[in-house]
Novice: 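Take a look at this one; I'll ask things after.
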Protein chains: 2
Amino acid sequence: MKVLTKNTDYAIRALLALAAEKGSYLSAKAIASGQDIPYQFLRRLLQEMIRHNLIVSKEGARGGFMLEKDPDAITVTQLIEIFQGKVQVSECMFRKQICGNRSRCVLRHEIMRIEQVVQSEFEKVTIGKLLRDLEAANRK
Amino acid sequence: MKVLTKNTDYAIRALLALAAEKGSYLSAKAIASGQDIPYQFLRRLLQEMIRHNLIVSKEGARGGFMLEKDPDAITVTQLIEIFQGKVQVSECMFRKQICGNRSRCVLRHEIMRIEQVVQSEFEKVTIGKLLRDLEAANRK
DNA sequence: TTATTTGATACCAATTTAGTATCAGTTAAT
DNA sequence: ATTAACTGATACTAAATTGGTATCAAATAA
Ligand code: FES
Ligand code: FES
């Protein structure tokens with residue numbers, strides 16, 4: 001069971017690169033080579049993050065991407081939601097479709113609790129926190 | 001992001017049916033129709049659970065399946081591991097392959113912590129617990 | 001002997017994940 | 001004005017995973 005897909009993994013690394021470059025534009029090419037992410041794949045992820053107002057871009061030569069939001073306001077939970085959909089332990093209860101035993105479903109209760117736990121754990125992890133950890137590790 | 005796949009979902013429901021039928025054999029057909037699980041699909045799941053010593057079977061007419069382990073000793077974590085592989089937040093660190101930035105990876109630490117949290121939450125949920133919840137709900 | 005049931009596999013379809021390619025439009029620098 | 005370096009948008013493909021079906025042999029109770 002793999003919780004984070006490449007989408008999210010790459011997005012996190014890209015945001016870290018942008019957060020480190022605070023204030024100036026960084027090109028997709030530079031991020032891709034620096035973080036070892038497939039270029040065209042990364043470009044799509046960046047577009048998606050623009051749509052969600054996490055970053056902004058400047059077109060043309062010397063253009064690139066820049067962080068828009070406060071790094072501490074970007075949580076891994078948000079990124080999971082963008083790239084993998086909302087955290088849901090079991091599917092059935094989010095659909096109107098009756099799951100056959102919904103009425104006597106004991107799982108539902110447990111499931112919702114665990115969903116909350118997972119979500120809130122990933123909420124504690126922000127780009128800002130990761131960046132500080134990264135910088136601390138590099139100083140050593 | 002869907003945490004439990006149909007595999008695990010169905011397995012849990014099948015085990016609940018077996019736990020409720022404690023001591024006697026229940027056929028795949030009966031479980032399938034009772035829990036609304038595709039018959040052939042379920043059969044494969046049951047075989048897999050035999051291999052993991054969660055249940056035993058008796059062949060032939062009037063045969064079926066019976067719970068082998070104590071219901072309280074069967075956790076959802078175990079079922080996830082059987083049907084979806086071990087819980088791992090991000091892939092890279094379980095492979096020898098160097099992930100490019102493993103040396104300066106700040107995610108690894110956070111990831112391992114969250115893995116532990118998720119795993120231990122699902123460990124709290126046993127078939128025994130679910131069965132008791134179910135029975136309590138039915139008495140109401 | 002026959003109906004019922006598991007054991008073992010092989011197969012298939014749908015979905016999701018990962019990655020590539022292409023072309024149009026924008027901008028900085030010369 | 002031209003060109004090189006970029007992003008925007010989108011279409012496409014390949015691989016892996018998930019969900020589901022079908023088949024046939026062997027066992028066993030009636
Ligand atoms: S609501 Fe679907 S298994 Fe419970
Ligand atoms: S060890 Fe791979 S991203 Fe960290």
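Each chain gets a letter, A, B and so on, in the order the sequences are listed, and its residues count up from 1.
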Novice: In whole angstrom, give the distance that lies between atom CG of A:Leu18 and atom C1' of D:dT7.
Specialist: 14 Å

Novice: On DNA chain C, compare the nucleotides closest to B:Arg44 and B:Lys29; which residue's is nearer the 5' end?
Specialist: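 That would be B:Lys29.
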
Novice: Measuring from the side chain of A:Glu59 (C-beta onward, heavy atoms only), which nucleotide among C:dA28, C:dG25, C:dT6 has the closest atom?
Specialist: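 Nearest nucleotide to the side chain: C:dG25.
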
Novice: With respect to the side chain of B:Tyr10, which nucleotide from C:dA18, D:dG20, D:dT7 is positioned closest?
Specialist: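 Of all the options, the side chain of B:Tyr10 is nearest to D:dG20.
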
Novice: I'd like to know whether A:Lys129 forms a salt bridge (Lys or Arg N to Asp or Glu O under 4.0 Å) with B:Glu110, so could you lay out the CA-CA distance, the side-chain angles of the two residues, the decisive distance to 0.1 Å, and finally the verdict.
Specialist: CA-CA 10 Å; A:Lys129 179 185 189 324; B:Glu110 287 301 321; 3.1 Å; yes

Novice: Hey, are the side chains of B:Tyr25 and B:Ser57 touching, using non-hydrogen atoms and a 4.5 Å cut-off?
Specialist: no

Novice: When you measure from the side chain of A:Gln40, which nucleotide among C:dA28, D:dT21, C:dA21 comes out closest?
Specialist: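 Nearest listed nucleotide: C:dA21.
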
Novice: Would you please confirm or rule out a distance under 4.0 Å between OP1 or OP2 of D:dT18 and any side-chain N or O of A:Lys2?
Specialist: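 No, A:Lys2 has no side-chain N/O under 4.0 Å of OP1/OP2 on D:dT18.
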
Novice: Just to confirm, is there a sub-4.0 Å distance from OP1 or OP2 of C:dA21 to any side-chain nitrogen or oxygen of A:Tyr39?
Specialist: no

Novice: Taking any heavy-atom pair under 4.0 Å as a contact, classify B:Phe83: base, sugar-phosphate, or nothing.
Specialist: nothing

Novice: For C:dT16 and A:Thr5 - does any side-chain N or O of the residue sit under 4.0 Å from the phosphate oxygens OP1/OP2?
Specialist: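 For C:dT16, OP1/OP2 do not have a side-chain N/O of A:Thr5 under 4.0 Å.
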
Novice: Between B:Gly63 and A:Leu46, which has a closest nucleotide on DNA chain D that is more 5'?
Specialist: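 Looking at DNA chain D, the more 5' nearest nucleotide goes with A:Leu46.
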
Novice: Would you say B:Lys6 reaches C:dT15's phosphate, i.e. side-chain N/O to OP1/OP2 under 4.0 Å?
Specialist: no

Novice: Both A:Arg43 and A:Ala61 contact DNA chain C. Which one's nearest nucleotide lies toward the 5' end?
Specialist: A:Arg43

Novice: Of the nucleotides D:dA9, D:dT7, C:dT6, which has the atom closest to the B:Phe65 side chain?
Specialist: C:dT6

Novice: Between B:Ile74 and B:Asp70, does the side-chain contact (heavy atoms from CB on, under 4.5 Å) criterion hold? Intermediate values first, please.
Specialist: CA-CA 7 Å; B:Ile74 303 178; B:Asp70 175 8; over 6 Å; no

Novice: For A:Gly128 versus A:Asp72, what's the shortest heavy-atom pair and its separation?
Specialist: CA-OD1, 3.4 Å

Novice: Are any of the side-chain nitrogens in A:Asp9 or A:Lys2 under 4.0 Å away from the carboxylate oxygens of its partner?
Specialist: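 Result for this pair is no, no salt bridge flagged.
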
Novice: What is the separation between atom CD1 on A:Ile31 and atom C1' on D:dC6, rounded to the nearest whole Å?
Specialist: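 In whole Å, D:dC6 C1' lies 12 Å from A:Ile31 CD1.
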
Novice: Checking all strands, does B:Tyr25 fall into the base, sugar-phosphate, or nothing category for heavy-atom contacts under 4.0 angstrom?
Specialist: nothing

